[in-house]
Amino acid sequence: MSIKNDEIARIFSEIGDYLEMQGVAFKPRAYQRAAVVIAGLTEEAADIYKKGGLRALEEIPGVGASIAEKIEELIKTGRLGYYQNLKNKVPVKLSELRAVEGLGPRHIKFLYQKLGIKNLQDLEEAAEQGKIRKLVGFGTKSEEKILKSIQFLKKSGGRFLLNEVLTQAREIEERLKRLPGVGKTAIAGSLRRRKETIGDIDILVTVSTKSATNKVADFFASMPEVVTIFAKGPTKSMVKLKSSLDADLRVVPEKSYGAALSYFTGSKEHNVCLRELAIKKSWKLNEYGLFAVGGRGKTERWLAGRTEEEIYQKLGLVYIEPELREMTGEIEAAQADQLPKLIGYNDLRGDLQVQTNWSDGQHSIEAMGRAAAALGLEYILITDHSQRLAMAHGLDEKRVLEQLKEIDRVNDRFKKAGIKLVILKGSECDILKDGRMDLPDQLLAKLDIVGGSIHSHFKLSRSEQTERLVRAMTNPQVDIIFHPTGRLINRREPYDLDIDRVIEVAKATGTVLEVNAFPDRLDLKDEHIRRCVAAGVKLVVSSDSHSTNHFSVLEYGLAQARRGWAEKSNVINAWPLEKMKSMIKHGRR
DNA sequence: GCCGTTTTCGGCCCGACTGTTTTCAGTCG
């Protein structure tokens, strides 16, 4: 059992914190950087080591001789002496304490030395007993802040689903937009990068006058949903909302809009790289602009900053879409002008997973069709559950045959009514424990497109689960695998799967893999999508709608596809009906 | 500890805000 990248990354990140505690210079950053890079690798470090040894590990950016040896030790023994030694000196639960807002490595060490605080519980008790306010460097406010943060940590995991946060952020942005003196507004941060979970809201505003600056900050801090004001200044304010989300507001002059947007969009690692590119040209990049630094660092000449595009251009890069700014190769690709032309948010022509009231959906086939047509879609695939999913009123053979007739009737009605949407016949057919399908092949052959799903036996071993999917994909009747990893964000881990083998077999069999757009699924996830794109596996972005108002979630699936570097050509339902059909097994037979 | 279209040695991203401070350290993004 070899160590996973996430675990290696966690250990290096903690090493960074421990070195920070000791006041060591520069080393902490080296370890933190290595941690971020390793967490973002698409291949396991253990596999890299197996193939190429220490030398291959050193090829990883941010990994030199010393860190490579530490990775080797972790792979071979599962432990790291260097890390243990550091941990023994300050034996605290870093993962718990670091989650407390405003508590960094220095304070954690200080609290351990003075009060013996090792974990969240110790910290809460000390704060409640008023012990922290007496320490040098702390006060009553620090103590209150710690207690509040602990309350929050207990209540939520600290990360929210993309859709929840995006909705709130858009509402706030709309209100800010209407304030006098406000120019441009933008949602920045991980929200703009459309990460699948979000820690807080970042909103950027430009103003034309000084007086407007303060008015914007005042307005922001006094919004009805604000429960706590962490900070309030002319350029930066931070609040907590009733939803227990944190929201940050940044105010900059018009001239700095692009620089600020770039800066506040992140990711942090991406920004550091942009700044380093600026330094190489003897320039300086900050949230106010790109500057040439003149004689003896005294004078500064403004070079760019009004738009993100001009900053990227000056730095020798083509524009990089926010969803790509994760420091996973986008800078190099931009330098070589080899970035993908990402699928657009308006590029979908159809939706290939739609449930109706024939199984567990809320609305009729016709109602779902009309709702999809109203959004401009050209086709939908009806995919009610199959018989095994009795809980969801799954369809048996007899009812599938009835439904086919009903779909014909609805298509006729649409044609007569001039509704330009075609309803296709499909199924979300259960993949049984052994990989066989829940409905007979002769029946599946009558459908336009068949999707297979795993809804049971989540705990099979990795090899059993993988072979189960492989068998389904090898079935010529199965065109798509729906929500391939089965995870529910913040609620259920994915089942154990050899995803690379799944991708390989998908390629070999011409099976399409789904990017399920439902915000708590987003399954496949971005890194898997990227591997599919690289392997030439076709994808479908579908809504899994169970109601007429669910089609809007397609936006999140598209965001996920973009984060996975997918182009229009990779996503079959971005194509016209006939071409889409030609891309699936049923269409080719 | 890492890294190199100026460097294999000498650099390493930068600014805002808070709290407890009489000038700054710590944290955050």
Side-chain angles (χ1 to χ4, degrees), chain A residues 12 15-21 23-37 57-71 82 97-111 132-146 149 188-193 199-204 217 228-239 246-252 256 259-260 262-291 293 300 316 327 335:
Chain A
F12 284 162
I15 289 174
D17 280 349
Y18 282 123
L19 293 170
E20 187 82 49
M21 288 179 195
V24 179
F26 303 113
K27 281 194 193 183
R29 253 193 57 206
Y31 279 98
Q32 298 291 7
R33 169 149 191 253
V36 169
V37 172
L57 289 176
E58 287 185 47
E59 294 286 308
I60 301 168
V63 175
S66 172
I67 289 186
E69 281 176 17
K70 291 187 173 71
I71 297 175
Y82 179 70
L97 295 174
R98 281 294 263 137
V100 178
E101 285 181 44
L103 212 51
R106 305 284 180 119
H107 281 156
I108 288 172
K109 183 189 182 193
F110 188 68
L111 289 170
I132 290 175
R133 72 179 73 165
K134 294 175 188 158
L135 298 175
V136 182
F138 290 83
T140 50
K141 283 204 173 177
S142 324
E143 196 172 77
E144 281 169 22
K145 201 174 151 192
I146 285 170
S149 179
S190 55
L191 258 183
R192 182 158 179 251
R193 305 200 310 280
D200 62 9
I201 294 175
D202 288 294
I203 297 185
L204 176 68
T228 311
I229 301 170
F230 292 127
K232 181 166 166 280
T235 67
K236 175 175 168 180
S237 300
M238 301 167 70
V239 301
D246 287 353
D248 294 1
L249 174 76
R250 322 283 185 138
V251 184
V252 298
S256 300
S262 161
Y263 181 65
F264 297 132
T265 296
S267 66
K268 193 177 168 187
E269 293 74 26
H270 180 91
N271 285 346
V272 167
C273 189
L274 292 186
R275 287 182 183 210
E276 283 168 358
L277 287 177
I279 289 168
K280 279 184 192 148
K281 295 180 187 279
S282 302
W283 296 341
K284 185 178 81 171
L285 177 64
N286 60 26
E287 54 264 57
Y288 298 108
L290 182 62
F291 302 91
V293 185
E300 290 183 346
M327 213 47 201
Q335 280 170 333

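Protein chains get the first letters and strands the later ones, always in sequence-line order, with residue 1 at the start of each.
- Atom name P, nucleotides dT27(B) and dT20(B): the rounded distance is 14 Å, in whole Å.
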With the criterion being N/O to N/O and under 3.5 Å, what pairs connect the protein with nucleotides 3-6 of chain B, and how long is each?
| unit_1 | atom_1 | unit_2 | atom_2 | d |
| --- | --- | --- | --- | --- |
| dC3(B) | OP1 | Gly62(A) | N | 2.6 |

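- Residues forming a ring pair (Phe, Tyr, Trp, His ring centres under 6.0 Å) with Tyr31(A) (at least two apart in sequence, or on another chain): Phe12(A).
- The nearest whole Å value for the distance from the CD atom in Glu276(A) to the C1' atom in dC12(B) is 8 Å.
- Where stacking is scored as ring centres under 5.5 Å apart with planes under 30°, Phe26(A) registers as stacked on the base of dC12(B).
- Only the C1' atoms considered, dA16(B) is 25 Å distant from dG11(B), to the nearest whole Å.
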Mind listing the side-chain donor-acceptor pairs of residues 133-146 of chain A below 3.5 Å, one per line with the distance, residues two or more places apart or on another chain?
| unit_1 | atom_1 | unit_2 | atom_2 | d |
| --- | --- | --- | --- | --- |
| Arg133(A) | NE | Glu143(A) | OE1 | 2.8 |
| Arg133(A) | NH2 | Glu143(A) | OE1 | 2.9 |
| Ser142(A) | OG | Gly139(A) | N | 3.2 |
| Glu143(A) | OE2 | Ile132(A) | N | 3.0 |
| Glu143(A) | OE2 | Arg133(A) | N | 2.9 |

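- Within the 4.0 Å cut-off from OP1 or OP2 of dC17(B), at least one side-chain nitrogen or oxygen of Thr235(A) is found.
- Nucleotides dG1(B) and dT6(B), compared at atom P, are 28 Å apart to the nearest Å.
- Glu101(A) pairs by the salt bridge (Lys or Arg N to Asp or Glu O under 4.0 Å) definition with Lys240(A), not counting sequence neighbours.
- For the side chain to side chain donor-acceptor pair (under 3.5 Å) test, no residue two or more places apart in sequence or in another chain qualifies with His107(A).
- When the P atom is used for both dT23(B) and dC28(B), the distance is 25 Å, rounded to whole Å.
- In this structure, the side chain to side chain donor-acceptor pair (under 3.5 Å) partners of Asp17(A), at least two apart in sequence or on a different chain, are Gln32(A), Arg98(A).
- Within the nucleic acid shown, Lys145(A) has no heavy atom closer than 4.0 Å to any nucleic acid atom.
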Quiz item: What is the per-nucleotide protein-contact pattern of nucleotides 23-29 of chain B, from the 5' end, where B denotes a base atom under 4.0 Å from a protein heavy atom, S denotes such proximity for sugar-phosphate atoms only, and - denotes neither?
Solution: ---SSSB
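- Side chain of Ser256(A) to backbone of Ala259(A): no donor-acceptor contact under 3.5 angstrom is found.
- Among the nucleotides dG15(B), dC2(B), dC17(B), the one closest to the side chain of Pro234(A) is dC17(B).
- Between dT18(B) and Ser142(A), no contact under 4.0 Å exists linking OP1 or OP2 to a side-chain N or O.
- Among the heavy atoms of the strands lying under 4.0 Å from Ala65(A) are primed sugar atoms or P, OP1, OP2 only; no base atom is included.
- When heavy atoms are screened at a 4.0 angstrom cut-off, Ile279(A) is found touching the sugar-phosphate backbone but no base atom.
- A salt bridge (Lys or Arg N to Asp or Glu O under 4.0 Å) check over residues 228-238 of chain A, counting only residues at least two apart or in different chains, returns the pairs Asp218(A)-Lys232(A).
- Between the side chain of Arg106(A) and the main chain of Glu20(A), a donor-acceptor pair closer than 3.5 Å is present.
- For the OP1/OP2 pair of dC12(B) and a distance below 4.0 Å, the side-chain nitrogens and oxygens of Lys27(A) include no atom meeting the criterion.
- Note on Lys70(A): only backbone sugar-phosphate atoms sit closer than 4.0 angstrom, heavy atoms only; bases stay farther off.
- Map Tyr31(A) and Tyr288(A) each onto its nearest nucleotide of DNA chain B; the residue landing nearer the 5' end is Tyr31(A).
- For Arg33(A), there are no salt bridge (Lys or Arg N to Asp or Glu O under 4.0 Å) partners at least two apart in sequence or on another chain.
- With hydrogens and angles ignored, the 3.5 Å screen pairs a side-chain donor or acceptor of Arg193(A) with a backbone N or O of Thr265(A).
- Rounded to the nearest Å, the gap between the P atom of dT21(B) and that of dG26(B) is 14 Å.
- Between Asn286(A) and dC14(B) there is no side-chain polar atom (N or O) within less than 4.0 angstrom of OP1 or OP2.
- For the pair Lys232(A) NZ and dG19(B) C1', the computed distance is 18 Å after rounding to whole Å.
- Pairing of dC14(B), defined by two Watson-Crick or G-U wobble distances under 3.5 Å, is identified with dG29(B).
- Nucleotides dG4(B) and dT8(B) are separated by 13 Å at their P atoms, to the nearest Å.
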